[in-house]
Protein chains: 2
Amino acid sequence: MSEPATPASVPRRGRKSEMSRGQILDAAARMLRRQGYGSTTLRSIAEVAGIQAGSIYYHFASKDEIMDAVMERGVRAVIDAVREALDTLPNDASHQRRIETAVGAHLQALLSHGDYTSASIRTYGEVPVAFKQKSLQLQQTYVALWQDMLAAAQADGAIRQDLDPHILRPLLLGSLNWTVEWYDPNQRPVEDIAAQAVDMLFHGILPDS
Amino acid sequence: MSEPATPASVPRRGRKSEMSRGQILDAAARMLRRQGYGSTTLRSIAEVAGIQAGSIYYHFASKDEIMDAVMERGVRAVIDAVREALDTLPNDASHQRRIETAVGAHLQALLSHGDYTSASIRTYGEVPVAFKQKSLQLQQTYVALWQDMLAAAQADGAIRQDLDPHILRPLLLGSLNWTVEWYDPNQRPVEDIAAQAVDMLFHGILPDS
DNA sequence: GCAAAAATCTAACAAACGTTCGATGGAAAT
DNA sequence: ATTTCCATCGAACGTTTGTTAGATTTTTGC
């Protein structure tokens, strides 16, 4: 059974398919965020999406495929936002400026694509490695981005030499990622969180110093 | 103290019951940490505990009761450790010293009672409020402890006045709580993480300043 | 050692799970 | 108007779920 030489490797789907696929993903992300992997059933996803459970299989081959798609989108939203923000920075931007920009973009993307990023974070440690191949690779790329940025800053003396970047990075990213658990958009703008996070990161919480 | 003539209204249980109950909780905490609430089955808990699934119901009335017990123990381990550490401090200890102590105790308890604290953190947002009544109350008490400590420090000028403690606290605790997702005891002692976390929190990551 | 109580096992239950598949409706193409 | 194909439905499947209850084993008190 060899593939025919048709240029479209993916069978061209109609427009409604794209829409339903999106609704399924939206519903899955919302359920995953609130209930985790095991408690998110295909029937509950279907109900939120407004279709029957069996119809999901026209768009996805399995529950795990939905998982991977949601998580990939969650990670990609953040990594794309941070990359783009860093790319629009002038080439001679300071390390300090770059870190500040990355933190702001990370938080903004994280909290505005709430369901996908929260689902990705919450579900990440909960599902077998085989179910998150695509998102796993993206995540490692993203970690490397931060690691390189911090290491470069330290090499140029923009960050204290006595700090271990392999502790700094997870402490910082953990602090940011955890915001999905407590941040309330009705209480404060994201910018306030980002500003104070950067301020604390750079200068600490002690007065004067 | 003299023992009463055993008018025990509560049926006095033998000693083995306590042991089995502990093994069930241990197994549940381990499964919950790795797979979350929905994917943790009573049969898998029973298998790890070395008993049959039905036998669990001699010790617990339902799956949810196990959940609540695990989460309560996770939160209690941390809150007790932090309280005790703060209590052994001299009464005239500085705010800085108190915060440093609390961070250290929080991290130490979090990472040494790994399964329970991790399960508690991971499962917390995943289960209905009705299933975590006991742990919910404890958690609110714990949050208040930190909030009061930080507010007191700020009132005395030990923390910068321009920082919002309602942003500072979740950012800090989030950073600490996230360590359960990445910390590897075979790589570094907990003390190294705690030391750098406190250092960064107090002085920031910029040089000199 | 023996009877009573405590603890566990075994087997089953209804419900819910992921998944499959033929039937069916609707929209686009002819 | 009819054909074609996309998208969904509806019902069923085999498994696994939390939970129950009676039989059975293990431990304890005398």
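On a predicted model such as this, the values are computed, not experimentally measured, just so you know. Here is how names work: the chains are called A, B, and so on, in the same order as the sequence lines, proteins then strands, and each is numbered from 1.
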Sugar-phosphate, base or nothing in reach of A/Ser44, heavy atoms under 4.0 Å: nothing

Distance-only side-chain donor-acceptor flag, A/Thr117 / A/Ser120, under 3.5 Å: no

Whole-Å gap separating P (D/dT20) and CZ (B/Phe60): 15 Å

B/Ser20 side-chain N/O to C/dT8 phosphate OP1/OP2 under 4.0 Å: yes

Options C/dA7, D/dT17, C/dT19, nucleotide nearest the side-chain atoms of A/Ser62: C/dT19

Sugar-phosphate, base or nothing in reach of B/Gln52, heavy atoms under 4.0 Å: base

Nearest-angstrom distance from the residue atom OH of B/Tyr57 to P of C/dC9: 15 Å

Atom-pair distance (CD1 on A/Ile51; P on D/dC6), nearest Å: 18 Å

For atom CD of B/Glu65 and atom C1' of D/dG18, their distance in whole Å: 14 Å

Ring geometry between B/His106 and B/Trp146 (parallel below 30°, tilted from 30 to 60°, perpendicular above 60°): perpendicular

5' priority, DNA chain C, between A/Ser55 and A/Leu42 [closest heavy atom]: A/Leu42

Distance in angstrom units between A/Tyr58 OH and C/dT24 C1', rounded: 14 Å

Euclidean distance, atom CE of residue B/Met67 to atom P of D/dG18 [Å, nearest integer]: 11 Å

Sugar-phosphate only, base, or nothing, as touched by A/Ser39 at under 4.0 Å among non-hydrogen atoms: nothing

Atom pair distance, as rounded to whole Å: CD1 in B/Ile45 and C1' in D/dT17: 12 Å

A/His59 NE2 to D/dC6 P, straight-line distance once rounded to whole Å: 13 Å

Donor + acceptor pair across side chains of B/Tyr124, B/Asn177 (<3.5 Å): no

Ring-ring centroid check A/Phe202 B/His203, cutoff 6.0 Å: no

Exam field: side chain B/Ser118 to backbone B/Asp115, donor-acceptor pair closer than 3.5 Å: no

